[in-house]
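Because the structure is a prediction, the values reported are computed rather than measured. We count ligands from 1, going down the list as the structure has it; atoms in each ligand are counted the same way.
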Amino acid sequence: MKKTTVSDALFERAQKLFPGGVNSPVRAFAAVGGTPVFLARGQGARVWDADGNSYLDFLGSWGPLILGHAHPEVVAAIEAAAREGTSFGASTEREILLGEAIRAAVPSMERMRFVSSGTEATMSAVRLARGYTGRVGIVKIEGGYHGHADTLLAAAGSGVATLGLPSCRGVTAGAVADTIVVPFNDEAAMQAAFADNHVAAVIIEPIPANMGLVSPRPGYLKALRQMCDAYCSLLIFDEVISGFRVSRGGAQELFGVRPDLTCLGKVVGGGLPLGVFGGQSQIMSAVAPEGPVYQAGTLSGNPLAMAAGLAVLRKLDQAAFHRLEALGQRLEAGIKDALAASGVAAQFHRVGSAFTLFFSAEPVTDFASAKRADAGRYARFFHEMLDRGIYLPPSQLETGFISLAHTESDIDAFVAASRQALSTIS
Ligand code: PMP
């Protein structure tokens, strides 16, 4: 039994300060039970908790840490930027450097704006889509998560799904009155959503990662592009997770579908608070001060976040993505062997370095099938893995991540732990 007395004591104190003892719901381990471990330090692929236990980290701060923890070049870039001033509220060259790097990698983002979180990016993109088109309807995917802006908190994934909340109190009926929710991978339902011709935009994670990781059916994203074109509605790709994760150009590069607007976060901020939304130059002209759609932020384009993002993007070349794919393949092969040996019914989903192990006998293709996966079994698996020093997402409906700091032997350690964990829970 690992010692957790310091984490337990910290959680006691935290609960007196923060709802649920946390500053973001899923951190509370509500879906898997038990007391969350308090992390004290991270280096490369490893984290250490407040009691000194160490874990191989396959959560990566929920996606940002594609280079692993405290990468020396990222730390050095942040230090250098901090020495020159942490915030100005004025324009700096670093914003242009990161903006140019993003546009080179994601050409559909002809112009963009920096914000401080993924939530701000999607919230602003939705406002822009409405302001630009003059329409109000927003179509989102059931189980899709785009942060916690009111409009997008209908049938949301991630923590909302994990906590089993049917809807979010405090969000007025008016705020979601024009939000149309359709199942993923269902072209007919999407087509029907366009019926009354008031759709400003479809917002979608092209590879949903907040109902666990689910892939689009062949042709699905292309069909969405065609429908949006036919109805003069905008297509917004929320690539907060998939951007700079599944390939340098994101899911839009992988599937060859060009959205009108793209939202980024996580990897692009190198572990610092950063989001971006951007797209067609003409649409971006509607953003203030060029246009009538207001959007602003005291810390937007923050120098430390710019520096961290630039340092990470510099490392993400073709070789990096080949390496991540090779590590992903190794994990997939190992887990599939372990599953076969254990007889446990499960679906292992993977796109590059992102993965989810669904404890489900049936294919998982949308939110309904994701929710039918055995969350109780996942909870047992999670704790068996944690006890063996492997840190995973604390919910069945989330996504795990491999980083460039992981080695083959780290992957093999994951697989070995899984073999034992699966035999215990089978
Ligand atoms: N979009 C997606 C696809 C996300 O996964 C998340 C966060 N997990 C967000 C938006 C919101 O980002 P943030 O938590 O930085 O506000």
Quick one: does Met385's side chain get under 4.5 Å of Phe58's, heavy atoms only?
-> no
Can you check whether Leu316 reaches Val267 side chain to side chain, under 4.5 Å on heavy atoms?
-> yes
Heavy-atom neighbours of His148 NE2 exceed 12 at 6.0 Å = no
In Arg258, Glu110, Arg111, the residue satisfying side chain to side chain contact (heavy atoms under 4.5 Å, CB included) with Gln280 is Glu110
Option from Ile236, Val139, Val182, Leu235 for which side chain to side chain contact (heavy atoms under 4.5 Å, CB included) with Ile204 holds =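 Among Ile236, Val139, Val182, Leu235, the one that satisfies the side chain to side chain contact (heavy atoms under 4.5 Å, CB included) with Ile204 is Leu235.
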Which of the atoms in ligand 1, numbered in the order shown and given with their element, are less than 4.0 Å from a heavy-atom of [X]?
{"X": "Ile241", "result": "5 (O)"}
{"X": "Asn210", "result": "2 (C), 3 (C), 4 (C), 5 (O)"}
{"X": "Ser117", "result": "15 (O), 16 (O)"}

Between ligand 1 and [X], is the shortest N or O to N or O distance under 3.5 Å?
{"X": "Gly118", "answer": "yes"}
{"X": "Thr122", "answer": "no"}
{"X": "Glu205", "answer": "no"}

Pair Arg113, Ser300: side-chain N/O donor-acceptor within cut-off below 3.5 Å =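 No, no side-chain donor-acceptor pair sits under 3.5 Å.
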Quick one: nearest non-hydrogen protein atom to [atom], plus distance?
{"atom": "atom 9 (C) of ligand 1", "value": "Gly147 N, 3.7 Å"}
{"atom": "atom 8 (N) of ligand 1", "value": "Lys266 NZ, 2.8 Å"}
{"atom": "atom 1 (N) of ligand 1", "value": "Asp238 OD2, 2.6 Å"}
{"atom": "atom 16 (O) of ligand 1", "value": "Thr119 OG1, 2.6 Å"}

How are the rings of Phe194 and Tyr231 set to each other: parallel, tilted or perpendicular (split at 30° and 60°)?
->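 Phe194 and Tyr231: parallel rings.
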Apply the test ring-ring contact (aromatic ring centres under 6.0 Å, His included) to residues Phe11 and Phe29: give CA-CA distance (whole Å), side-chain angles for both, the deciding distance (0.1 Å), then the verdict.
-> CA-CA 12 Å; Phe11 192 51; Phe29 280 19; 8.6 Å; no
Which part of Trp62 is near ligand 1, with near meaning a heavy atom under 4.0 Å away: side chain, backbone, both or neither?
->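 Neither part.
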